[in-house]
Amino acid sequence: MNWGWSLALVYCAFVGVMLSFVFRARQEKIDLVAPDYYARELLYQQRMEAISNARSYMSAFGISKNAKEVTIQLPAAISASAQGTIHFYCPSDNKKDKDIAIKLDTNAEQNFTLSEFAPARYEIQCEWTNNGTPYFIAQTLHLP
């Protein structure tokens, strides 16, 4: 085989590899952080204020898990009149995301069974308002 055929064969192999990369890239699922990502970006300053408000409660916030459930400990200073949500955000698949209203027990805890969640890495985002003041705390959790 002369060098002309060898060069053509290498070129065809290169084109085949590039086309396979393009095909695989088009099959990859890409999700934005949220469907309303750009609208949320406009509310960024309000989120920063909520994070600043919650800094004093960081030591009282905690997440623990055992074999059957996940427990989220919120600050005891949250009154019964506090309104908010706990958002389980899964960066790898938005179909695993869950929004759950805050319903604390007498110990300022909320429990979730592990069977409610698919195995993944979640960012748990707690957002609530108490007497008109917004608060936001986030922490990462890996669920088996």
Side-chain angles (χ1 to χ4, degrees), residues 5-144:
W5 285 105
S6 299
L7 187 62
L9 185 62
V10 168
Y11 179 75
C12 288
F14 176 76
V15 169
V17 168
M18 287 295 119
L19 287 175
S20 70
F21 283 147
V22 169
F23 178 74
R24 286 181 50 96
R26 292 185 54 91
Q27 300 301 317
E28 188 69 29
K29 185 177 75 124
I30 299 172
D31 295 325
L32 286 175
V33 173
D36 59 345
Y37 175 79
Y38 298 107
R40 286 187 184 194
E41 191 65 27
L42 297 175
L43 302 174
Y44 184 74
Q45 183 59 37
Q46 293 173 356
R47 173 61 55 93
M48 291 291 100
E49 290 171 6
I51 291 171
S52 177
N53 293 338
R55 281 206 175 106
S56 61
Y57 295 119
M58 285 301 289
S59 61
F61 179 78
I63 298 173
S64 60
K65 68 176 178 175
N66 60 29
K68 296 184 187 219
E69 65 184 10
V70 174
T71 302
I72 297 179
Q73 173 76 43
L74 291 169
I78 296 176
S79 68
S81 64
Q83 301 277 324
T85 60
I86 299 173
H87 180 67
F88 287 83
Y89 166 65
C90 181
S92 61
D93 187 2
N94 65 350
K95 292 178 182 73
K96 296 179 184 176
D97 291 356
K98 289 188 184 287
D99 283 325
I100 301 169
I102 293 178
K103 293 180 185 141
L104 301 177
D105 62 10
T106 56
N107 298 326
E109 294 179 346
Q110 190 161 351
N111 298 318
F112 306 96
T113 59
L114 286 177
S115 62
E116 296 178 52
F117 303 99
R121 180 177 79 83
Y122 289 90
E123 182 175 312
I124 299 175
Q125 303 170 346
C126 296
E127 186 171 15
W128 73 93
T129 57
N130 194 11
N131 298 324
T133 305
Y135 298 92
F136 180 84
I137 297 176
Q139 194 171 356
T140 302
L141 178 68
H142 295 273
L143 295 179

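Just so you know, these numbers come straight off a predicted model, no measurement behind them.
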Using the side chain to side chain contact (heavy atoms under 4.5 Å, CB included) rule, take V70 and S64 through it: C-alpha gap first, then chi angles, then the decisive distance, then the call.
CA-CA 6 Å; V70 174; S64 60; over 6 Å; no
Supply the atom-to-atom distance [X] [atom1] to [Y] [atom2], rounded to the nearest 0.5 angstrom.
{"X": "C12", "Y": "L7", "atom1": "SG", "atom2": "CG", "value": "9.5 Å"}
{"X": "H87", "Y": "Y122", "atom1": "NE2", "atom2": "OH", "value": "10.5 Å"}
{"X": "E127", "Y": "I51", "atom1": "CD", "atom2": "CD1", "value": "9.5 Å"}
{"X": "I124", "Y": "C90", "atom1": "CD1", "atom2": "SG", "value": "11.5 Å"}
{"X": "D93", "Y": "K96", "atom1": "CG", "atom2": "NZ", "value": "5.5 Å"}
{"X": "T140", "Y": "I63", "atom1": "OG1", "atom2": "CD1", "value": "8.0 Å"}

Ignoring hydrogens and geometry, is there a side-chain-to-backbone donor-acceptor pair from [X] to [Y] under 3.5 Å?
{"X": "E116", "Y": "T113", "value": "yes"}
{"X": "K65", "Y": "H142", "value": "yes"}
{"X": "N53", "Y": "P134", "value": "yes"}

Between Y57 and Y135, does the ring pair (Phe, Tyr, Trp, His ring centres under 6.0 Å) criterion hold? Intermediate values first, please.
CA-CA 9 Å; Y57 295 119; Y135 298 92; 5.4 Å; yes
Just checking, any donor-acceptor pair under 3.5 angstrom between side chains of [X] and [Y]?
{"X": "E123", "Y": "Q125", "answer": "yes"}
{"X": "T85", "Y": "D99", "answer": "no"}
{"X": "S52", "Y": "E49", "answer": "no"}

Go through it in stages, so that I can follow the logic: the residues are Q139 and F61, the test is side chain to side chain contact (heavy atoms under 4.5 Å, CB included), and I'd like the CA-CA distance, side-chain angles, deciding distance and then a yes or no.
CA-CA 9 Å; Q139 194 171 356; F61 179 78; 3.2 Å; yes
Please tell me if the side chains of [X] and [Y] come closer than 4.5 Å, counting only heavy atoms from C-beta onward.
{"X": "R121", "Y": "P91", "value": "yes"}
{"X": "E69", "Y": "F112", "value": "no"}
{"X": "L104", "Y": "E109", "value": "no"}
{"X": "I86", "Y": "K98", "value": "no"}
{"X": "I72", "Y": "L74", "value": "yes"}

Where A67 and L114 come nearest, the two heavy atoms and their spacing:
O-CD1, 3.4 Å
Go through the steps to decide whether Q83 and W128 satisfy the test side chain to side chain contact (heavy atoms under 4.5 Å, CB included), and finish with yes or no.
CA-CA 5 Å; Q83 301 277 324; W128 73 93; over 6 Å; no
Show your reasoning for whether side chain to side chain contact (heavy atoms under 4.5 Å, CB included) applies to M58 and I137.
CA-CA 8 Å; M58 285 301 289; I137 297 176; 3.7 Å; yes
